[in-house]
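Let me begin by presenting the structure, written as structure tokens, before commenting on it.
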Amino acid sequence: MSLLEIQHRIDNGLAKANRAKDDITLIAVSKVQPDARVALVLDHGQRVFGENKVQEASGKWPGFREHYSDVDLHLIGPLQTNKVKPALMLFDAIHTVDRPKLARKLSVEIQALGRAPQLFVQVNTGEEPQKSGVLPADLDGFISQCRNEFDLPIAGLMVIPPIDEEPSLHFALLAKMAKRNGLAGLSMGMSSDFESAIALGATHIRVGSAIFGARQTT
Ligand SMILES: *Cc1c(COP(=O)(O)O)cnc(C)c1O
């Protein structure tokens, strides 16, 4: 378990970028990890976790929350409209708002519940056909639609760069688009590239395998 080492690398990255200590949220991505590993990371004091499936998270987290009531859970995978309600019951943040139909449904269910998670709009900066996320050309329009038509408070932007491209180009682009839209939150950087994301202003990094070890395929 190398949570301490990751925290150390984050501190160094923030210092190098002249950013304040603790100016970042480390999301420990626990998807597919066995409960024993998750329990160990909880035991070491980590409280912010990321999952990419509503169903998997629903099975895992209510139990842990009985012992750790201050867990902060982030959804970082695609969200189907028929899962919005359970997602809102479970998650404190959703990083994958990416289409008007989903934004509308979120708006309706948030009104009904009277409780809003932190919301990030996922951007498909690489314009990859198989990847979810709003295309860069549609982003500004989508954000104003979220704000004006759906009354959804948007906290920031999220990106998963293309696997075969230099991630820092995509991080810089995301930062530019966030600034242009008056958004403070930047969810970017994973195990292999979080230091470069910190240098480019990430506020939320999503680190899985570097904390938990390789994900076991079942
Ligand atoms: C799995 C996942 C991560 C974590 O990936 P690692 O390379 O294990 O750090 C981060 N973000 C998203 C959206 C993921 O699905």
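Start at 1 and go down the list; that is how both ligands and their atoms are numbered. In this text the structure is predicted, and so the values were computed from the model without any measurement. The chain is numbered in sequence order, starting from 1. Hydrogens, waters and symmetry mates are skipped; everything else that's a heavy atom, side chains included, is used.
For atom 10 (C) of ligand 1, the nearest non-hydrogen atom of the protein is Met190 SD, 3.3 Å. Of the protein's non-hydrogen atoms, Ile76 CD1, 3.5 Å is the one closest to atom 12 (C) of ligand 1. When hydrogens are left out, the protein atom nearest atom 2 (C) of ligand 1 is Lys31 NZ, 2.6 Å; that is the closest non-hydrogen contact.
Atoms of ligand 1 lying under 4.0 Å from at least one heavy atom of Val207, given by number and element, are 9 (O). Of all atoms in ligand 1, numbered sequentially from 1 with element shown, those under 4.0 Å from a heavy atom of Arg206 are 4 (C), 9 (O), 10 (C), 11 (N), 12 (C), 13 (C).
We find that Arg47 and Asp70 are joined by a salt bridge, their nearest charged nitrogen and carboxylate oxygen being less than 4.0 Å apart. Between Asp11 and Lys21, at least one side-chain N (NZ, or NE/NH1/NH2) sits under 4.0 Å from a carboxylate O, which counts as a salt bridge. In this structure, Arg104 pairs ionically with Glu149, as a charged nitrogen and a carboxylate oxygen lie closer than 4.0 Å. Using a cut-off of 4.0 Å between Lys/Arg side-chain N and Asp/Glu carboxylate O, Glu56 and Lys31 are scored as not salt-bridged.
Using a distance-only test at 3.5 Å, with no hydrogens or angles considered, a donor-acceptor pair links the side chain of Asn148 to the main chain of Ser144.
Counting heavy atoms only, Gly208 comes closest to atom 4 (C) of ligand 1 of the residues Gly208, Gly213, Ser209, Ser191.
Under a 4.0 Å heavy-atom criterion, Arg215 is in contact with ligand 1.
Aromatic ring pairs are classed by plane angle as parallel below 30°, tilted from 30° to 60° and perpendicular above 60°; the pair His95 and His204 is perpendicular.
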